[in-house]
Amino acid sequence: MINNYRFELNFKNIKQLEDKLNFCKINNINKINIPCKGLIKKEFFNEAIEYINKNYYDFDVVYHYSLYHQYKKNRIVSYQYFLDFITKFIINRNNNILLVSGSNKKKDFDVVQVLSDLQNEGVFNSSVGVAYNPYLLKYYNSVGERERYEKKLSTGLINSIWLQYGTDINLLEQEIKFLKNINREFKIPLFGSLLIPSKQFVARFKFRPWKEVYISRKYLSSIENFQLFTTDLINFYLDNNICPVVETESTTSKSLNFLYGLLNNWVTLYMNKNKKYDLLII
């Protein structure tokens, strides 16, 4: 089951990346995501991709490209830098990319505009994944997420949707219905962020909440409640054919064994609920 989940890897240098990739290989984890944030940006981001392409070509990798973190000088220079990136690392290597605007959108340089530019180029023969945050309107009073997605979809360049994490399943269900309805013709696969609750994570999140990531106080005040919610979220993902993406650090024996224990409990609950269990394969 675990090899049907995706795992996000965070690292500070190439040696740490190598150690984590080797750990994944030993533990039959071959679907990984490389974020573009923190220290993993600019030339180090490109260096990491080159290293993986050269030494770990058997992995199924999705690279996140942040228009904010990879911004250079001005819009024109940044767009050309992006074109060079997808030519070198994506199109010619058959890699997958998740294109995100970033935590702070640059003026006239976000995903909607870049996809529109790519469409007008008429030479971009690949596809990209895009993020979707179901919680923006209700919890952050940010309008237009649906309209932005429709504009992205209209370019014909979208091959996957990556859902932001949150703890309102009723709202998530509403937005999934919207996405499935509008994607009916295209059958675009869905991926869902998954965070593994722990006292350490809760303490860090309380101290410095992630931007536009909604976690209810009910779950931040009780690990037991948080774990029960996570059970419900995984069940929801499985019921809706959404591939979980584990963003919590899981590349040590201790953390992976902890994750295995939790997933075994969740699978048991899921099997009891549905009387059968079909592996999610994407």
Side-chain angles (χ1 to χ4, degrees), residues 6-25 29-115 117-118 121 124 126-131 133 152 157-162 164-165 191 193 210-213 245-251:
R6 302 200 67 90
F7 285 78
E8 183 175 295
L9 302 186
N10 285 280
F11 46 90
K12 297 179 180 179
N13 50 55
I14 294 298
K15 180 59 171 63
Q16 193 176 70
L17 171 61
E18 179 185 26
D19 291 342
K20 293 193 174 189
L21 288 169
N22 287 336
F23 178 88
C24 289
K25 195 170 185 177
I29 297 171
N30 67 346
K31 297 179 181 179
I32 61 173
N33 284 40
I34 303 298
C36 182
K37 61 183 180 182
L39 296 176
I40 311 173
K41 59 186 176 184
K42 303 298 184 184
E43 295 309 315
F44 180 50
F45 179 60
N46 295 345
E47 181 185 352
I49 297 176
E50 287 185 328
Y51 179 79
I52 295 172
N53 284 340
K54 181 179 179 181
N55 300 284
Y56 295 89
Y57 45 83
D58 289 337
F59 278 90
D60 174 355
V61 190
V62 174
Y63 296 104
H64 303 192
Y65 190 97
S66 168
L67 297 175
Y68 171 74
H69 284 305
Q70 300 303 90
Y71 189 84
K72 285 179 173 288
K73 294 183 180 180
N74 56 52
R75 187 192 187 286
I76 296 175
V77 173
S78 298
Y79 181 67
Q80 185 58 51
Y81 184 70
F82 173 65
L83 289 180
D84 294 340
F85 171 85
I86 59 177
T87 299
K88 181 177 182 180
F89 295 114
I90 306 303
I91 297 177
N92 294 338
R93 298 299 187 94
N94 197 31
N95 287 324
N96 295 309
I97 181 175
L98 166 59
L99 185 63
V100 297
S101 295
S103 55
N104 296 295
K105 295 182 179 65
K106 290 290 186 179
K107 183 179 180 181
D108 299 327
F109 194 63
D110 68 0
V111 172
V112 173
Q113 294 158 324
V114 169
L115 287 177
D117 290 342
L118 285 175
E121 293 273 352
F124 185 67
S126 187
S127 300
V128 300
V130 295
N133 192 331
K152 296 173 186 177
L157 299 175
I158 306 306
N159 71 350
S160 58
I161 306 168
W162 300 74
Q164 179 62 279
Y165 184 81
F191 298 82
S193 174
W210 297 359
K211 185 176 181 181
E212 296 179 343
V213 174
V245 182
V246 181
E247 295 188 33
T248 306
E249 170 59 46
S250 301
T251 54

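All of these numbers come straight from a predicted model, not from anything done at the bench. Atoms considered below: every heavy atom in the structure, side chains included; atoms not considered: hydrogens, waters and symmetry mates.
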Does the [X] side chain pair with the main chain of [Y], one donor and one acceptor, at a distance under 3.5 Å?
| X | Y | value |
| --- | --- | --- |
| Q70 | K42 | yes |
| N159 | G129 | yes |
| E8 | N10 | no |

Answer yes or no: is there a side-chain heavy-atom contact under 4.5 Å between [X] and [Y]?
| X | Y | value |
| --- | --- | --- |
| V61 | N53 | no |
| S193 | V213 | no |
| I14 | E47 | yes |
| I86 | L118 | yes |
| V128 | L115 | yes |
| T251 | F11 | no |
| K106 | Q113 | no |

Of all residues at least two apart in sequence or in a different chain, which pass the side chain to side chain contact (heavy atoms under 4.5 Å, CB included) check with [X]?
| X | answer |
| --- | --- |
| N55 | Y51 |
| K25 | F59 |
| N13 | K15, Q16 |
| S160 | W162, P189, F191 |

How close do [X] and [Y] get, counting heavy atoms only, and between which atoms?
| X | Y | result |
| --- | --- | --- |
| I40 | I34 | CG2-CG2, 4.4 Å |
| I29 | F7 | CG2-CD1, 3.5 Å |
| G102 | S66 | CA-OG, 3.7 Å |
| H64 | C36 | O-CB, 3.1 Å |
| D110 | S101 | CB-OG, 3.3 Å |

Do the ring planes of F85 and Y65 sit parallel (below 30°), tilted (30 to 60°) or perpendicular (above 60°)?
->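 Ring orientation, 0 to 90° scale: tilted.
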Inter-residue atom distance R6.CZ - N33.CG, 0.5 Å rounding |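 Spacing of CZ (R6) from CG (N33) equals 4.5 Å.
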Spatial distance of atom CG (L9) from atom OG (S250) [nearest 0.5 Å] |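 The OG atom of S250 is 9.5 Å from CG of L9, to the nearest 0.5 Å.
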What residues, two or more places apart in sequence or in another chain, satisfy salt bridge (charged side-chain N to carboxylate O under 4.0 Å, His left out) together with E50?
->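 So E50 forms a salt bridge (charged side-chain N to carboxylate O under 4.0 Å, His left out) with K88.
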Considering the options D60, L21, V246, which one meets the side-chain contact (heavy atoms from CB on, under 4.5 Å) requirement together with I32?
->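 Exactly one pass, corresponding to L21.
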So, Y63 versus F89, ring centres under 6.0 angstrom or not?
->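 No, they do not, as the ring centres are separated by 6.0 Å or more.
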Summary of side chain to side chain donor-acceptor pair (under 3.5 Å) pairs that have at least one residue in residues 71-83, sequence neighbours excluded |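 Every pair satisfying side chain to side chain donor-acceptor pair (under 3.5 Å) with a residue in residues 71-83: E43-Y81, N46-Y81, R75-D117, Y79-E121, Q80-D84.
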